[in-house]
Amino acid sequence: MSELSKAYEPQLVEDKWYAWWIDQGLFEADPTSSKPAFSIVIPPPNVTGVLTLGHVLNTTLQDILARHARQTGHEVLWLPGTDHAGIATQTVVERRLRKEEKKTRHDLGREEFLKRVWEWKEKHGGIIINQLKKLGCSCDWGRERFTMDEAYARRVQEVFVDLHKKGLIYRGKRMVNWCPVSLTALSDEEVIPKTQKSFFYHYKVEIVEKPGTFLEIATTRPETIMADAAVAVNPADPRYAALIGLHVRRPLPTGVEVLLPIIGDDAVDFEFGTGVLKVTPAHDKTDYEIGLRHNLPVIDIMNPDGTLNDLAGEGFSGLDRFEARTKAVDKLQELDLLVKEEPHENNVGFSERADVPIEPRLSEQWFLKYPKTIEARDAVRNHLIRFFPDRWEKVYDHWLENIQDWCISRQLWWGHRIPVWYPAENAIGDASNAKCQVESPGDGWAQDSDVLDTWFSSWLWAHETMDAPTLAKFYPTSVLVTGPDIIFFWVARMIMAGLEFTGEVPFKNVYFTGIIRDKQGRKMSKSLGNSPDPLDLIAKFGADGIRFGLLRIAPQGQDIKFDEQQIVEGRNFCNKLWNACRFRQIQGPIDPNADPAKHELSLFARDLLARLDATIQRVNEGYDAYRFSDIAQALYDFVWGDFCDRFIEVAKADFATDTPRRAGTLATLDFTIKQILRLLHPYAPFITEELWSGLGLGAQSLMQSGWPTEGGFASDPRAALIYETVSKTRNLRATYGIPGNKRLPWQINPSTDWLAGEHAVLSILLHAESITFCESAPQGHAACPTDIGLIYLPLEGIIDAATEKKRLHGEILKVEAEIEKVARKLSSESFVQNAPADVVADHRQRQQDWINRLGELQQAHDGLEG
RNA sequence: GCGCGAUUAGCUCAGCGGUAGAGCGCUUGCUUCACACGCAAGAAGUCACAGGUUCGAACCCUGUAUCGCGCACCA
């Protein structure tokens, strides 16, 4: 083959290999295969979304698992697809419509609007999928699914009908979380509490039966005074208990006299505020419940869009809720009822999508009483499903323990229409004569106008994306890789759905990724503009660079502070590997079947192969424990440190002249490169495939070449002694400002008998002009004690005696400190008596080694003049 | 309020009972025939704080502080 280029250029090879993999059908899952199954369903990204770093992390992890599974002999299904993302997608299309045509969805009508959304989906739906391909994802694309595919959508509706039949789905008038911007109900999980700096407004109301006596009330929402139906105190509160049964005058709206009863209710905390609570059943969840207990009227003063209606009275009607708040305060001031405004921090629920405070609102919605909650809890508690990291088990359990019914209807158009039919258009919402079935009962029947929560379709994703043979082979899936932010939205619900509709858990393991943050620790977000475009990064550094770089800093379940530098390092690592292979290529033809065991090997080769074994073991352990950054680090250390920095450098000695070691060293290189490429392939699929092919290691894809097993090589500690010695001599050079490229005449008085055999290697590593072995200290030389003996350099013209004395003195101080440390430990009776014998022996040995070294240094030091 | 994470070199993070580590950055020297996306050497840390367990603690236990994240009806 042609010679490799000087630097790895990912742009030139990535597309080619991806097309080839597809062409070879390597990502296709065969349900009839006899191999053990390994399966993952992708967490479906929003159909109109674009790739974020979060996706990169998430899908790279899945790709690593999928490729690793293929290499270890599994039949792999990685099932891709997208989610219709109800609110998100509808909002995008509506915004566009407003901008470009100055129209609302109501101007178009339901049918026409949905046509537009589908058009939008067709246009933008493929973007993220293509981006995943750029990343190298090995999904079985022929099985791509969409949550609104015809068959899938039908199943969603069938599931609704089924649960309705079982009595788990019901329609009810409840307090729900209402988003005044999206104009729909939301589930509790879609409400994000945010701490707000607001005000506590204290105002007073007169007690009707005791003119001139006032009660002081503290509220954060004075704009709802007009909807108050009572004033509540705790019956156990001595300050107010006697007032229960009396009445107060409601200050707003002005112009009408409304008397509110003073009621007693345990829900009132008398420590909080003034201990007097204004009860607003229409606009607060707690107040609604109090209202139910006391039979209070529900006075709804708000329109769906958050403006006030006519019941709010003159001057408030039509105002936005926040304008109304200011105005209500002014009004109280005018009436001389405002006592004070106090700065106050409180938690306000925000709509996840629209990012505005939600309104608690009484409304008719469809609710689901979750099925299989007990079984779902047990499945995780008894480790039928394992969470990685396991701390999420507690979070999951706690949520299920306190689970509330799920509001599943949405007042949107984009989504799965609720399969409930009413006898006439004007009867919509009246459950009394409704029919719950997928098909229309016939002419004259009108379908419920609402759609289902998006998660009511995605909770079926693990099984409804598969046909019968696929289910038989690949379900339950092996592992789910997702973010902990959707543990309730998706993970928990999928477990319940799996148990309810398949009788099995949907997956065996769940790996929760961390969340990617910027350098300052903030979440990536569009508005902050701190979210780099992964496509730019791929273009700049290659898909392998971003994959490896990101994975190396993504420890299990810990949030990740993103820094482009990490991607640079990933790219550099790829280039390092590339050049190591290039070095090998320059030495001559490669033997794809090289077997180092068949050769006489240098001690360095044996040491390298032992380290390769250790690396294989580290990597395997990493996969078992889902410790992905450990795997990346193990490979980085081995490739860069053991292979390049050490072995390739000593190998140069074997290639400089035609030595008997040459064949063994070549075989070791070939074998090790082969194993490295296999081990690294899941993390860096493109470059490894390119090298595999380029070096002629196999005609088949690397993906099909199996997984390395440990070769059982024993390490050779002599290698480390040489490497350390070389380090010492380089330090010597640095101390005297002797450039690395200056050749030096070394003399060595060896302390071992095997050193002479390594003459050529030492010559290269020490960058020697000559190396001679001696048996005693030569005249006029400085001595450097090392693990393999005393090494000498001439003083004349190279070493300055005074500087060398100083350097040695520095070393002596360090060694003395070490001796002191070990001695202190060994002098402790209790340590010697209680510590395990081998630990004590270890310390003794260390002490002896340091003492010996000290002696040598002392001698070298004292032997110098000056 | 309850729960969960984090706190180790300037930065990003490993290490989780037996001599404090890596990469980047920094300083210095190298166009040494794979790689300057590189090589080599070096400086740099009372492992947040206080107690405890242990022969021995960055690591285990108990508190405290700071930051972050969940959960909870506190108006």
Side-chain angles (χ1 to χ4, degrees), chain A residues 4 6-8 175 193 200 217-221 224 232 267-269 271-280 284-290 344 346-347 360 389 391-392 394-395 398-399 402 484-485 487-488 514-515 517 519 521-522 541 545 552-553 555 557-563 565-566 568-587 629-630 633 636-637 640-641 644-645 648-649 652 656 726-727 730-735 737-743 764 767 818 821-822 825 828-836 838-840 842-843 846 850:
Chain A
L4 299 177
K6 191 167 173 180
Y8 173 54
M175 271 317 238
F200 233 161
I217 300 176
T219 182
T220 54
R221 301 206 62 188
T224 63
V268 181
D269 176 356
E271 302 276 305
F272 195 83
T274 61
V276 183
L277 170 69
K278 72 194 252 320
V279 183
T280 322
D284 185 276
K285 209 177 164 200
T286 312
D287 290 8
Y288 176 68
E289 280 154 20
I290 295 175
H344 178 68
N346 62 340
N347 286 328
R391 63 187 148 88
W392 294 108
K394 208 168 160 180
V395 176
H398 184 252
W399 183 73
N402 300 292
D485 47 335
I487 186 168
F488 310 137
I515 291 168
R517 301 174 177 282
K519 261 177 146 172
R522 300 172 305 181
F541 303 113
R552 197 157 75 97
I553 55 157
Q558 217 68 280
D559 285 1
I560 295 144
K561 281 194 190 148
F562 180 79
D563 184 345
Q565 183 58 37
Q566 305 293 348
V568 172
E569 284 174 35
R571 188 267 318 258
N572 293 354
F573 177 66
C574 291
N575 192 56
K576 187 73 180 177
L577 173 70
W578 181 261
N579 275 289
C581 292
R582 215 176 130 231
F583 168 78
R584 169 62 191 86
Q585 197 187 34
I586 290 167
Q587 312 309 322
S629 59
D630 286 5
Q633 194 57 45
Y636 187 94
D637 290 347
W640 205 304
C644 294
D645 288 348
I648 287 186
E649 292 310 313
K652 284 175 182 172
V726 168
S727 216
R730 285 171 177 168
N731 175 296
L732 209 57
R733 275 178 190 270
T735 310
I738 307 167
N741 59 351
K742 185 174 166 70
R743 297 193 176 271
I764 290 253
H767 209 72
E818 291 298 334
K821 239 174 15 190
V822 188
K825 250 190 150 172
S828 153
E829 279 285 309
S830 48
F831 171 71
V832 178
Q833 272 168 20
N834 294 312
D838 58 324
V839 172
V840 177
D842 214 50
H843 278 71
R846 209 154 69 216
W850 283 124

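To find a chain, count down the sequence lines: A is the first, B the second, and so on, and within it residues start at 1.
Using C1' as the reference atom, C35(B) and A6(B) are 38 Å apart when rounded to the nearest Å. Rounded to whole Å, the separation between the C1' atoms of A44(B) and C11(B) comes to 13 Å. When the C1' atom is compared between U7(B) and U54(B), the two are found 25 Å apart, to the nearest whole Å. Here, C4(B) and G52(B) have their C1' atoms 24 Å apart, quoted to the whole Å. U19(B) and U28(B) have their P atoms separated by 35 Å, with the value rounded to a whole Å. Atom P of A57(B) sits at a distance of 24 Å from the matching atom of A14(B), rounded to the whole Å. Spacing between G25(B) and C69(B) at atom C1', rounded to whole Å, works out to 30 Å. Rounded to whole Å, the separation between the P atoms of C24(B) and A41(B) comes to 13 Å.
Residue Arg730(A) is classed as a sugar-phosphate contact, given heavy-atom separations below 4.0 Å to backbone atoms only. Using a 4.0 Å heavy-atom cutoff across all strands shown, Glu649(A) reaches at least one base atom of the nucleic acid. Residue contacts shown for Cys644(A) include a base, since a base heavy atom lies under 4.0 Å away. Using a 4.0 Å heavy-atom distance criterion, Ile560(A) is classed as making no nucleic acid contact. Note on Ser629(A): nothing from the nucleic acid sits closer than 4.0 angstrom, heavy atoms only. When heavy atoms are screened at a 4.0 angstrom cut-off, Pro836(A) is found touching base atoms of the nucleic acid.
Residues Phe831(A) and Val840(A) form a side-chain contact, since some pair of their non-hydrogen atoms from C-beta on lies under 4.5 Å apart.
At C30(B), none of the side-chain N or O atoms of Lys742(A) fall inside 4.0 Å of OP1 or OP2 (strictly under the cut-off). Taking only side-chain nitrogens and oxygens, Lys821(A) comes nearer than 4.0 Å to OP1 or OP2 of A20(B). Within the 4.0 Å cut-off from OP1 or OP2 of C11(B), not a single side-chain nitrogen or oxygen of Lys561(A) is found. Between Asn741(A) and U31(B), a side-chain N or O to OP1/OP2 separation shorter than 4.0 Å is present. A sub-4.0 Å separation between OP1 or OP2 of C39(B) and a side-chain N or O of Lys576(A) is present. In this structure, Asn834(A) does not reach the U54(B) phosphate: none of its side-chain N or O atoms is under 4.0 Å from OP1 or OP2.
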Q. Would Tyr8(A) and Phe573(A) count as a ring-ring contact (aromatic ring centres under 6.0 Å, His included) if you check the C-alpha gap in whole Å, the side-chain angles of each, and the deciding distance to 0.1 Å?
A. CA-CA 10 Å; Tyr8(A) 173 54; Phe573(A) 177 66; over 10 Å; no
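Judged by Watson-Crick or G-U wobble contacts below 3.5 Å, the nucleotide G70(B) has C2(B) as its partner. Applying the Watson-Crick and G-U wobble criteria (two distances, each under 3.5 Å), U7(B) pairs with A65(B). Searching all strands for a Watson-Crick or G-U wobble partner of C26(B) with both distances below 3.5 Å returns G42(B). Across all strands shown, A58(B) has no partner, as no Watson-Crick or G-U wobble contact with both distances under 3.5 Å is found. C47(B): no Watson-Crick or G-U partner with both key distances under 3.5 Å is found in any strand. Figure legend. C33(B) is base-paired to no nucleotide; pairs are counted as Watson-Crick or G-U wobble with both atom distances under 3.5 Å. Within the shown strands, nothing qualifies as a pairing partner of U19(B) under the Watson-Crick or G-U definition with both distances less than 3.5 Å.
Applying the 3.5 Å distance criterion, the base of C4(B) shares no donor-acceptor pair with the side chain of Arg391(A). Taking 3.5 Å as the limit, the base of A22(B) and the side chain of Glu569(A) contain no donor-acceptor pair of atoms between them.
When distances are taken from the side chain of His767(A) to each of C35(B), U32(B), C55(B), the shortest belongs to U32(B). Nearest to the side-chain atoms of Lys825(A) among the listed nucleotides G23(B), A34(B), G18(B) stands G18(B). Comparing G42(B), G18(B), C35(B) against the side chain of Asn731(A) picks out G42(B) as the nearest. The side chain of Lys6(A) lies closest to C35(B), out of C35(B), G18(B), G38(B). For Arg552(A), taking side-chain heavy atoms from C-beta onward, the closest of the listed nucleotides C37(B), G18(B), G23(B) is G23(B). Looking at the side chain of Trp850(A), the nearest of the listed nucleotides U19(B), A34(B), C37(B) is U19(B). Of the candidates G23(B), C33(B), A34(B), G23(B) carries the atom nearest the Tyr636(A) side chain, counting heavy atoms from C-beta on.
A donor-acceptor pair is defined here as one N or O able to donate and one able to accept, closer than 3.5 Å; no such pair exists between the side chain of Asp842(A) and the backbone of Asp838(A).
A side-chain donor-acceptor contact under 3.5 Å links Gln633(A) and Arg552(A).
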Q. How does protein contact run along nucleotides 66-75 of chain B, one letter per nucleotide 5' to 3', with B for base contact, S for sugar-phosphate only, - for none, heavy atoms under 4.0 Å?
A. ---S-SBBBB
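Here U19(B) presents its C1' atom at 11 Å from CZ of Phe831(A), a figure rounded to the nearest Å. Counting to the nearest Å, the P atom of G38(B) and the CD1 atom of Ile648(A) are 15 Å from each other. Rounding to whole angstrom units, CZ of residue Arg733(A) and C1' of G29(B) are separated by 11 Å. As a whole-Å value, the separation of Arg571(A) CZ from A36(B) P is 12 Å. The CG-C1' distance, from Asp645(A) to A41(B), rounds to 13 Å in whole Å. Following rounding to the nearest Å, Asn575(A) (CG) and G38(B) (P) show an atom-to-atom distance of 7 Å. Put simply, CH2 on Trp578(A) is 14 Å from P on A36(B), counting in whole angstrom units. For the pair Asp838(A) CG and G56(B) P, the interatomic distance rounds to 18 Å; values are reported in whole Å.
When the salt bridge (charged side-chain N to carboxylate O under 4.0 Å, His left out) test is applied to Asp269(A), no partner is found at least two apart in sequence or on another chain.
Taken from CZ in Arg517(A) to CG in Asp559(A), the straight-line distance is 4.5 Å, to the nearest 0.5 Å. Note that the NZ atom of Lys576(A) and the CD atom of Glu569(A) stand 13.5 Å from one another [nearest 0.5 Å]. If you take CZ on Arg571(A) and CD on Gln566(A), they are separated by 13.5 Å, rounding to the nearest 0.5 Å. One distance of note links CD of Glu649(A) with CZ of Phe583(A); it measures 7.5 Å at 0.5 Å rounding. Separating the CD1 atom in Ile290(A) from the CG atom in Asp284(A) is a distance of 8.0 Å, to the nearest 0.5 Å. In this structure, Asp563(A) CG and Ile553(A) CD1 are separated by 7.5 Å, a value rounded to the nearest 0.5 Å.
If Val832(A) and Val839(A) are placed on RNA chain B by their nearest nucleotide, the residue sitting closer to the 5' end is Val839(A).
Summarising the geometry of His398(A) relative to Asn402(A), their closest heavy-atom pair is O-ND2, 2.9 Å, with the distance given to 0.1 Å.
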